[in-house]
Amino acid sequence: DGGITQSPKYLFRKEGQNVTLSCEQNLNHDAMYWYRQDPGQGLRLIYYSQIVNDFQKGDIAEGYSVSREKKESFPLTVTSAQKNPTAFYLCATRTGRNEQFFGPGTRLTVL
Amino acid sequence: SQQGEEDPQALSIQEGENATMNCSYKTSINNLQWYRQNSGRGLVHLILIRSNEREKHSGRLRVTLDTSKKSSSLLITASRAADTASYFCATDEYNNNDMRFGAGTRLTVKP
């Protein structure tokens, strides 16, 4: 899992609530990514950021928001507009050689 | 949208046998990467092959790339029970800062 931490490991949310997933890295990588993984499925890109104060929507950005105020941090907020948020969320960074390093993930469950 | 598609979706073999997984993609790429994921964990980078390379080795791993067919294969030789995991290919596309993952191959190696 390298120098990427995600917290919490497990998160439970009531319907209608916003929740924020934390992703912190000490690898000094510029690019950071958020993916969603559903059971038995691959990864789908939610948002990514190439540099501080800049981020781009991925394929499934609706119902999610991000910020990139610091190089080390790329938090993801799952809003009440996301109708089916139960999933495994993975944060990653990207090296100059285009390899990605992943955090251990956060499993979000909507009650 | 997902770029890579792995085949087969699931593979079950005996310890000591070789395992071959395939990946097909749709657009021009800078490189293709293979990742491994143990259940409920983040992904771990295995190997990267550039678009101008045809074959690459790393330990018991052998990756091939055929850009004319837009396909890649991952061969794990002399498999071990500890190789049991899901394996994903990811493509790094031209003029794009994100990476696209396939749905993965679930490999089970029986002792």
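Reminder, nothing fancy here: chain letters follow the sequence lines and each chain counts from 1.
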_For B:Leu75, I'd like to know if atom CG has over 12 heavy atoms of other residues, nucleotides or ligands within 6.0 Å._
yes

_If I measure from the heavy atoms of chain B, does A:Gln37 come under 4.5 Å with its side chain, its backbone, both, or neither?_
side chain

*Hydrophobic cluster (4.5 angstrom, side-chain heavy atoms) - remaining members for A:Leu111*: A:Tyr10, A:Phe12

*asked:* Membership question, hydrophobic clusters at under 4.5 Å side-chain separation (ILVMFWY): are A:Leu43 and A:Leu108 in the same one?
replied: no

*Interface residues of residues 71-91 of chain A facing chain B - heavy atom cut-off under 4.5 Å*: A:Phe88, A:Leu90

*Is any side-chain heavy atom of B:Phe101 closer than 4.5 Å to a side-chain heavy atom of A:Gln41?*
no

*Supply the atom-to-atom distance A:Phe101 CZ to B:Leu43 CG, rounded to the nearest 0.5 angstrom.*
12.5 Å

_Return the OH to CE distance between A:Tyr33 and B:Met99, rounded to the nearest 0.5 Å._
7.5 Å

*Do NZ/NE/NH1/NH2 and the carboxylate oxygens of A:Arg94 and B:Asp92 come within less than 4.0 Å?*
yes

*List, by chain and then residue number, the residues other than B:Leu48 in its hydrophobic cluster (Ile/Leu/Val/Met/Phe/Trp/Tyr, side-chain heavy atoms under 4.5 Å); write none if there are no others.*
none

*Over 12 foreign heavy atoms within 6.0 Å of CD, A:Glu15*: no

*Taking only residues two or more places apart in sequence or in another chain, which ones pass side chain to side chain contact (heavy atoms under 4.5 Å, CB included) with B:Arg80?*
B:Glu15, B:Arg60, B:Asp83

*Region of B:Gln37 that comes under 4.5 Å of a non-hydrogen atom in chain A*: side chain

*Same cluster or not: are A:Ile60 and B:Phe88 linked, directly or through other Ile, Leu, Val, Met, Phe, Trp or Tyr residues, by side-chain heavy atoms under 4.5 angstrom apart?*
no

*From A:Arg97 atom CZ to B:His45 atom NE2, the distance as rounded to the nearest 0.5 Å*: 8.0 Å

*Is any side-chain heavy atom of A:Asn98 closer than 4.5 Å to a side-chain heavy atom of B:Gln33?*
yes

